[in-house]
Amino acid sequence: MVAVLFSILAGAAMSVQGVMNTRLSDRIGLYESNVLVQGIAFLLSLLVLLFLGKGNFAELGGINKIYLLGGFLGIVITITVMLSIKGLGPTVAISIILISQLVVAALIDGCGWFDTDRIAFCWQKFAGVVLMIGGVLLFKWKN
């Protein structure tokens, strides 16, 4: 149940952050706002690490190096969310982002990528994705 609450919080935070970052970029620029947002996140991450960190950076030598691309993806996510919201508006942009997340997560599960347990993508999951796409099209439909 706690994981469900964290998922709800993450989704809400992503939507609010996307709009906030887009409005910030309208005033100070896309890449300037990205540096500011990522910089604040870095400083806060350091602070949290000081008080709550229990891991070990020495373990970096034993990991698959592709996992280090997560930092690069953070920049891609921040910039593309801002551009999406600016071009489509928050609801349609976030809806498409959510569908994309679901499809890619299903591929990761179905193929067992990144050391995840393989979970089959059955017809019900495919139907769910199709219904989500239909929902976005209905939402975007103008009378």
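- At least one side-chain heavy atom of Tyr67 sits under 4.5 Å from a side-chain heavy atom of Asp115.
- With values rounded to the nearest 0.5 angstrom, Leu102 atom CG is found 10.0 Å from Leu107 atom CG.
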**Chi angles and distances behind the side-chain contact (heavy atoms from CB on, under 4.5 Å) call for Val37, Gln17** = CA-CA 10 Å; Val37 167; Gln17 182 201 37; 3.9 Å; yes

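- Contact check for Asn21 versus Ser33: no side-chain heavy atoms found under the 4.5 Å cut-off.
- In the displayed structure, Ile66 atom CD1 is contacted under 6.0 Å by at most 12 heavy atoms of other residues, nucleotides or ligands.
- In this structure, Ile133 is a member of the same hydrophobic cluster as Phe126, with clusters built from ILVMFWY side-chain heavy atoms closer than 4.5 Å.
- A 4.5 Å side-chain heavy-atom check between Asn34 and Met82 finds at least one atom pair inside the cut-off.
- Atoms CG and CD1, from Leu83 and Ile79 in turn, are 7.5 Å apart once rounded to the nearest 0.5 Å.
- Put simply, the side chain of Thr78 never gets that close to the backbone of Ile75: no donor and acceptor are under 3.5 Å apart.
- Residues Leu5 and Leu9 fail the side-chain proximity criterion, which asks for heavy atoms closer than 4.5 Å.
- In this structure, Val48 is a member of the same hydrophobic cluster as Leu50, with clusters built from ILVMFWY side-chain heavy atoms closer than 4.5 Å.
- Going from atom CG of Asn64 over to atom CZ of Phe114 covers 8.5 Å, rounded to the nearest 0.5 Å.
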**Request:** Show the numbers, then the answer: is there a side-chain contact (heavy atoms from CB on, under 4.5 Å) between Leu68 and Leu60?
**Result:** CA-CA 9 Å; Leu68 297 175; Leu60 279 172; 4.0 Å; yes

Could you list the donor-acceptor pairs under 3.5 angstrom formed between side-chain atoms of residues 84-94 and any protein atom two or more places apart in sequence or on another chain?
| from | atom 1 | to | atom 2 | distance (Å) |
| --- | --- | --- | --- | --- |
| Ser84 | OG | Thr80 | O | 2.7 |
| Lys86 | NZ | Asp26 | OD1 | 3.1 |

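- Under the 4.5 Å side-chain heavy-atom criterion for grouping Ile, Leu, Val, Met, Phe, Trp and Tyr, Leu69 is connected to Val104 within one hydrophobic cluster.
- At a threshold of 4.5 Å between side-chain heavy atoms, the hydrophobic network of Ile, Leu, Val, Met, Phe, Trp and Tyr places Leu24 and Val16 in two separate groups.
- Here Ile99 contributes atom CD1 and Met132 contributes atom CE; the two are 5.0 Å apart, rounded to the nearest 0.5 Å.
- How far CG of Leu30 is from OG1 of Thr22: 9.0 Å, rounded to the nearest 0.5 Å.
- Between Phe72 atom CZ and Ile77 atom CD1 the span is 10.5 Å, to the nearest 0.5 Å.
- Grouping the Ile, Leu, Val, Met, Phe, Trp and Tyr side chains by contacts below 4.5 angstrom, directly or via other members, places Ile97 with Val19.
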